[in-house]
Protein chains: 2
Amino acid sequence: MKPLTDRQQTVLTFVEEFCEHQGYPPTVREVAAAFGIQPRAAVDHLAALRRKGYLHREPGLSRGLSLTSKSPGPVVEVPLLGRIAAGQPLLASENVEETLPLPRSWVRGEEVFLLKVTGESMAPVILPDDLVMVRVQSRVARGEIAVALIDDDATLKRVYEEAGGLVLKGDNPDFTPLRFSPDEAADVKILGKVVGVYRNLEGKRRG
Amino acid sequence: MKPLTDRQQTVLTFVEEFCEHQGYPPTVREVAAAFGIQPRAAVDHLAALRRKGYLHREPGLSRGLSLTSKSPGPVVEVPLLGRIAAGQPLLASENVEETLPLPRSWVRGEEVFLLKVTGESMAPVILPDDLVMVRVQSRVARGEIAVALIDDDATLKRVYEEAGGLVLKGDNPDFTPLRFSPDEAADVKILGKVVGVYRNLEGKRRG
DNA sequence: TAAACTACTATACAAAAGAATACGTGTCAA
DNA sequence: TTGACACGTATTCTTTTGTATAGTAGTTTA
């Protein structure tokens with residue numbers, strides 16, 4: 001892309017930050033006011049930026065200005081589930097506490113959701129207050145970490161499907177593995193596989 | 001958040017998609033035209049959406065409409081550094097391998113960057129191939145995890161500043177702590193504090 | 001059953017905002 | 001030295017756009 005003059009760069013930065021903060025692009029006059037110049041001068045700058053391919057303007061439309069370059073990288077809105085109930089619609093909007101924009105490269109699969117970890121059973125790999133990303137799938141490979149629903153309680157465990165039944169095991173040795181006979185295993189529903197963990201280390205005593 | 005009527009939901013969806021496609025929000029009249037109704041009716045819908053907290057309107061401003069709830073949530077482009085050299089400009093574009101859009105709520109601080117972990121010295125909290133988020137700061141509190149630059153080598157360690165000098169210690173007991181006399185400590189530069197860890201669990205044998 | 005909310009029509013007006021006109025300055029390459 | 005270009009001031013015109021007034025109906029809720 002063609003190089004910008006210093007002045008044009010500051011104008012572009014202003015437009016980018018305005019969009020980010022306000023949620024809508026600035027008008028010609030707002031750009032002018034920000035730099036203490038006349039609208040006409042601002043038009044010249046915006047025209048230069050358009051000519052060099054940094055933004056697009058819809059003629060005649062107020063705020064008809066959109067950024068081309070920067071491009072808010074490919075993001076996917078991933079729902080953070082507050083609670084998980086046995087009631088079918090897992091991703092129903094009532095359960096969605098908020099939705100976080102994550103880079104597409106992190107989101108593996110179509111149906112994914114985030115969950116805030118509560119127990120210590122998966123320590124030290126997964127700790128309380130971690131955010132885990134879960135891909136919805138009803139089966140996981142042996143030994144993989146999954147979200148299992150047991151009587152309306154969602155838990156994070158490694159899953160071992162064996163001839164003798166189903167074993168759900170935490171990494172934390174303080175927790176005894178849960179064993180289910182083939183009959184009982186029907187009450188256990190695998191909601192999905194844990195494909196990622198995010199941990200915030202700010203203001204924590206222990207990692 | 002308060003529930004929407006069917007009609008309000010379709011209007012909100014229209015606004016969201018308009019923003020996504022055009023890069024700027026629609027005018028009252030554009031909303032009206034899209035549904036074949038009068039501007040006044042569109043105002044009613046937008047007022048309802050604002051009252052229920054789904055969007056924000058700046059009175060009197062054209063296109064002064066911004067999505068609060070859903071929408072491509074506030075993202076910050078965080079640079080993923082490929083290598084870290086002693087040469088001053090840490091976030092110089094030559095060192096930036098790519099830039100990932102992360103939710104603002106995860107990004108604590110002004111200057112942050114991401115780093116891919118290579119060594120095992122911080123296991124089990126931080127493992128190879130993890131992505132750590134680092135906030136640029138030259139000092140960290142005792143025992144916090146920091147990125148330290150020792151002779152052009154960036155390492156992840158807990159930092160203990162003591163009267164007897166500086167100690168850099170990994171969580172992994174297999175690694176012996178690095179000790180620096182007050183004199184030697186001048187060669188160690190703290191680049192920043194580790195404020196977050198992201199781990200991808202896809203295709204791993206063990207967490 | 002009254003009050004509040006939703007969903008709309010029709011018309012009008014004033015502020016907001018884009019664009020046009022008319023100039024002035026300095027730089028740089030042909 | 002002439003013309004293209006970047007950058008700027010000042011003013012005016014016209015369209016776009018938000019908002020207001022004045023109603024009409026149907027639905028929901030207290």
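All chains are named by letter (A, B, ...) in the order of the sequence lines, taking the proteins before the strands, and each is independently numbered beginning at 1.
Here Glu30(B) pairs with Arg63(B) in a salt bridge; the nearest charged N to carboxylate O distance falls below 4.0 Å.
By the 6.0 Å contact criterion, CD on Glu110(A) is open, its count of non-hydrogen atoms from other residues, nucleotides or ligands being 12 or less.
Counting to the nearest Å, the P atom of dA19(C) and the CG atom of Leu65(A) are 10 Å from each other. Protein atom CG of Asp6(B) is 15 Å distant from nucleotide atom C1' of dT28(D), rounded to whole Å. Residue Asp44(A) contributes atom CG, which lies 12 Å from atom C1' of dT9(D) at whole-angstrom precision. Nucleotide dC5(C) holds its C1' atom 9 Å from the NZ atom of Lys52(B), rounded to whole Å. In this structure, CG of Leu46(A) is placed 14 Å from C1' of dA6(D), rounded to the nearest angstrom. Between the P atom of dC5(D) and the CD atom of Gln8(A) lies a distance of 13 Å, rounded to the nearest Å. Rounded to whole Å, atom C1' of dA6(D) lies 15 Å from atom CZ of Phe35(A). Rounded to a whole Å, the CD1 atom of Ile37(A) is 14 Å from the C1' atom of dA10(D).
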Protein heavy-atom contacts under 4.0 Å, written 5' to 3' over nucleotides 13-22 of chain D as B (base), S (sugar-phosphate only) or - (none), form the string ---SBBB-BB
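Taking only side-chain atoms of Arg51(B), from C-beta outward, the nucleotide of dC8(C), dT6(C), dC7(D) with the closest atom is dT6(C). For Gln38(B), the side-chain atoms get nearest to dT11(C) when compared with the rest of dT11(C), dC7(D), dT11(D).
In this structure a side-chain-to-backbone donor-acceptor pair under 3.5 Å is present from Arg158(B) to Gly143(B). Distance alone, capped at 3.5 Å, places no donor-acceptor pair between the Gln22(A) side chain and the Cys19(A) backbone. The closest donor-acceptor contact from the side chain of Asp171(A) to the backbone of Val125(A) lies at 3.5 Å or more, if one exists at all. A donor-acceptor contact shorter than 3.5 Å is absent between the side chain of Asp130(A) and the backbone of Lys116(A). In this structure, the side chain of Asn200(B) does not engage the main chain of Gly196(A) through any donor-acceptor pair within 3.5 Å.
Side-chain N/O atoms of His45(B) include one lying less than 4.0 angstrom from OP1 or OP2 on dA7(C).
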At a cut-off of 3.5 Å, list every protein nitrogen or oxygen paired with a nitrogen or oxygen from nucleotides 28-30 of chain C, distance to 0.1 Å.
none

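Here the OH-CD distance, from Tyr160(A) to Glu144(A), works out to 10.5 Å after rounding to the nearest 0.5 Å.
Looking at residues two or more places apart in sequence or on another chain, you find a side-chain hydrogen bond (donor to acceptor under 3.5 Å, both in side chains) between Gln137(A) and Arg135(A).
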